[in-house]
Amino acid sequence: MSAPPSPAETPVLAIAGEAASSMGAASSAPRRRGESPAARSGGARRRLRRRGARRRLRRQLIAWGFIAPVAVYMILFYAFPLYQNLDLSFREYTLRSFIDGTAPFVWFENYAEILQSSAFMPALINTGVFTIVSIVFQYSIGLALAVFFFKRFPLAATLRALFLVPWLLPLLVSASTWAWMLNSESGVVNAGLALVGVPQINWLTSPQWAMVSVLIANIWIGIPFNLVILYSGLQGIPNDIYEAASLDGANGWQTFWRITFPLLRPVSAITILLGLVYTLKVFDIIWIMTRGGPGNASTTFAIWSYRLGFGGGSPELSPAAAVGNLLILIAFVFGLIYIRTQRRMENS
Amino acid sequence: MISVRRIANTVIGLVLTALMLFPLYWMVNVSLTQPTELRKDPPNLFPLNPTFEGYRTVLDEQLPFLGTSLIIGLGTVMLTLILAAPAGFALAKLRPRGRTAVDFTLLIAQMIPSIIMAMGFYLIFFNWGILDTVPGLILADSTLAVPFAVLIFTAFMSGIPDELMNAAKIDGASEWRTFRSVILPVSRNSIVTVSLFAFLWAWSDFIFASTLNRGGDFQPITMGIYKYIGNNTQDWNAIMATAVVASVPAALLLIVAQRYVAAGVTAGAVKD
């Protein structure tokens, strides 16, 4: 493994460096070709070089011709909405604005309003708790299952494939099903708990259980994804290491902690970071199961933003956009960490 | 001795899978339960006295929603493939300048929460007059799949040997011709993977549907279920029947294209 890059080296810089080196590689090829016949006159060489430059320009134009549709698309359907959202968060956009198209510019007023809102602290804490607890359980359960299914036994592949189903279902479907299973009076979960003497729990309607409920559903949905990625990571660990370990008399537990877990670290890092980015986005599950309630008990930034913008009668699009932009800021930080980690993995 | 342990593992595996899939079983079970028995405590573990009333309701009321979802799903797949496949080819094979910047943008794009995109789209679609329309939703849903698709195509097409391209070039084929007649046919696997995910994401989308198509005449199935939950908190067997029907495409695709699913999940995260 190579040494880790210095902390100062941001991904952007790394990218710039890489781009420069690949350009260098592309331009050095024709020059080398021009050198070989020493008798060539300066003019001919210059002409050749010019022709090479033209050919390279043509190649670039063709390449970008293929990319152009996506580039235009990204500008129209990513950059433009994001700009629109940013603009929105600095204005006071009301129902009137839809009619006459004007909205006064109010600088950071919307942001100040959000930061002072009584919903801010609960949303921040809930987003943190929801994200961290989800990931801890999704990862550890996913890893345990990956190790289990990595053993060879009849039906292993089929059962592992069946584990994927919950991940492919529409989130709305999973959320509705969980909502009904956790129903206070007629839910199967409470019925099951009653068998072992646990009194009725108001899963979705009591402040202390609402968060637990949405966490259970979200963890359930995230397990397949963790299982698949970690399983593919296990496949990448060379078998002879395990053979050597078993020759040395290591037991299953030692093998896991001394070999599997450390060697899986790069894949684990990616899994957890992707989990972070995905969990920050979670909306459907919470909205369907609790709508962020009761009160603000299960309101995250995503839910808060949606509720402001589309949840009530009169849309408060500007504060909603401001909440959304805070969320983007958090996601962006994790995104940068993700890309850094992936680059480091590719280099090692 | 060894075989005993293997069978024990199979049994444990079956139990774990059953636990994991229990909510799905429960969804089917409730969808077949008589409305009068829905509130029974404890609930019936099996549909002893099954009714297909819930499914009849689905067929009566939800077919237009299902049709709309199908059109949106297929439209999203088409748009995604048309945009992403050529870009993937160029990024993988034509050495464009700034390719790393493009890759970087695509990675970041996948991390933007949909609710934020929805808000921006809302105003844009309002101004363009495509709020509450199917084409508007196809455009919005494609944003879920396009960056992912370009990255998958790039990764896959990088693996196609250069000799194949050079042979086409010697025969005098243009880049476009090479892409169409050589690269696309050998990229079948990645086309299937991308289509699968683009379709499923569009089919499952709720956030764009509920923000950008709140009042349209043609709404997708997720809105169908959502309205159902809002209006009929009693008819849970019909809600669950709709949920079962809405899950059918996912289940079918998983059975038909199992290895593409696993390939897509891992390729999205770990490049090898």
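Residue numbers start from 1 in every chain, and the chains themselves are labelled A, B, ... in the order their sequence lines are given, proteins ahead of strands.
Ranked by heavy-atom pairs under 4.5 Å with chain B, the first of A/Leu159, A/Asn183, A/Val277 is A/Leu159. When B/Ile124, B/Leu21, B/Ile82, B/Thr105 are compared by the number of non-hydrogen pairs under 4.5 Å with chain A, B/Ile124 comes out ahead. For the set A/Trp220, A/Trp64, A/Trp287, the count of heavy-atom pairs under 4.5 angstrom toward chain B peaks at A/Trp220. Interface remark: of the candidates A/Ala320, A/Ala194, A/Gly309, A/Ala331, A/Ala320 forms the most heavy-atom pairs closer than 4.5 Å to chain B. By number of non-hydrogen pairs under 4.5 angstrom with chain B, the leading residue of A/Val228, A/Asp284, A/Ile62, A/Val188 is A/Val188. Of the listed residues (B/Asn9, B/Ile221, B/Leu45, B/Ile115), the one with the most heavy-atom contacts under 4.5 Å to chain A is B/Asn9. The choice from B/Thr222, B/Leu91, B/Leu106 that makes the most heavy-atom pairs within less than 4.5 Å of chain A is B/Thr222. The greatest number of non-hydrogen atom pairs below 4.5 Å with chain A, out of B/Asp205, B/Leu200, B/Ile207, is found for B/Ile207. For the set B/Leu94, B/Ile116, B/Leu139, the entry with the most heavy-atom pairs within less than 4.5 Å of chain A is B/Ile116. The most heavy-atom pairs under 4.5 Å with chain A, out of B/Ile112, B/Val150, B/Thr242, come from B/Ile112.
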Could you pull out every donor-acceptor pair under 3.5 Å between side chains of residues 65-85 of chain A and any protein atom, sequence neighbours left out?
from, atom 1, to, atom 2, distance (Å)
A/Tyr73, OH, B/Ser142, O, 3.4
A/Tyr73, OH, B/Ser142, OG, 2.6
A/Tyr73, OH, B/Thr143, N, 3.0
A/Tyr78, OH, B/Thr143, O, 2.2
A/Asn85, ND2, A/Asn325, OD1, 3.4

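Neither the backbone nor the side chain of A/Arg160 comes within less than 4.5 Å of any heavy atom in chain B. With a 4.5 Å cut-off on non-hydrogen atoms, A/Ala156 does not touch chain B at all. With a 4.5 Å cut-off on non-hydrogen atoms, B/Ile255 does not touch chain A at all. Both the backbone and the side chain of A/Leu162 come within contact range of chain B, each with at least one heavy atom under 4.5 Å from a heavy atom of that chain. With a threshold of 4.5 angstrom between heavy atoms, A/Leu86 does not approach chain B through any atom at all. Residue contact with chain A, scored on non-hydrogen atoms closer than 4.5 Å, involves the backbone and the side chain of B/Phe121 alike. Contacts between B/Ala140 and chain A at a heavy-atom distance below 4.5 Å are absent for every atom of the residue. Neither the backbone nor the side chain of B/Pro249 comes within less than 4.5 Å of any heavy atom of chain A. In this structure, the portion of A/Tyr93 lying under 4.5 Å from any heavy atom of chain B is its side chain and not its backbone. With a 4.5 angstrom heavy-atom cutoff, B/Ile12 touches chain A via backbone and side-chain atoms both. Looking at B/Val244, there are no atoms closer than 4.5 Å to chain A (heavy atoms on both sides), in backbone or side chain. For chain B, the nearby parts of A/Ile328 are the backbone and the side chain; heavy atoms of each come within less than 4.5 Å. Both the backbone and the side chain of B/Leu83 come within contact range of chain A, with heavy atoms under 4.5 Å apart. Heavy-atom distances place the side chain of B/Met240, and not its backbone, under 4.5 Å from chain A. Residue A/Phe283 touches chain B through its side chain alone, counting heavy-atom pairs closer than 4.5 Å. Proximity to chain A (any heavy atom under 4.5 Å) is shown, for B/Ala251, by neither the backbone nor the side chain. The parts of B/Leu14 that come within reach of chain A are both its backbone and its side chain, each placing non-hydrogen atoms under 4.5 angstrom from that chain. In this structure, chain A has a heavy atom under 4.5 Å from the side chain of B/Phe89, while its backbone stays farther away.
B/Met111 approaches A/Lys281 most closely through the heavy-atom pair O-CD, 4.2 Å. Counting all heavy atoms, side chain and backbone alike, A/Pro170 lies closest to B/Trp203 at CG-CD1, 4.0 Å. A/Asn226 and A/Thr271 get closest at one heavy-atom pair: OD1-CG2, 3.1 Å. Taking every heavy atom of both residues into account, B/Ala109 and B/Pro147 meet most closely at CB-CG, 4.0 Å.
Across A/Phe225, A/Phe149, A/Phe150, A/Phe163, a single residue satisfies ring-ring contact (aromatic ring centres under 6.0 Å, His included) together with A/Tyr231, and that is A/Phe150.
Rounded to the nearest 0.5 Å, atoms OH (B/Tyr226) and CD1 (B/Ile239) are 12.5 Å apart. Note: A/Leu61 CG to A/Arg56 CZ = 13.0 Å, rounded to the nearest 0.5 Å. The distance from the CG atom of B/Asn29 to the CE atom of A/Met181 is 11.0 Å, given to the nearest 0.5 Å. With values rounded to the nearest 0.5 angstrom, B/Thr10 atom OG1 is found 7.5 Å from B/Arg6 atom CZ. Rounding to the nearest 0.5 angstrom, the gap separating the CD1 atom in A/Ile272 from the CD1 atom in A/Ile337 is 12.0 Å. Note that CE of B/Met20 and CD1 of A/Ile141 are 8.5 Å apart. Values are rounded to the nearest 0.5 Å.
In this structure, B/Arg214 is not positioned above the aromatic face of A/Phe310 in the sense of NZ or CZ being under 6.0 Å from the six-membered ring centre and within 45° of the axis.
The aromatic rings of B/Tyr25 and B/Phe22 sit tilted, their planes meeting at an angle between 30° and 60°.
Between the side chains of B/Tyr228 and B/Trp236, no donor-acceptor pair of N or O atoms lies under 3.5 Å.
Here the two rings, on A/Phe148 and A/Phe153, have centers that are under 6.0 Å apart.
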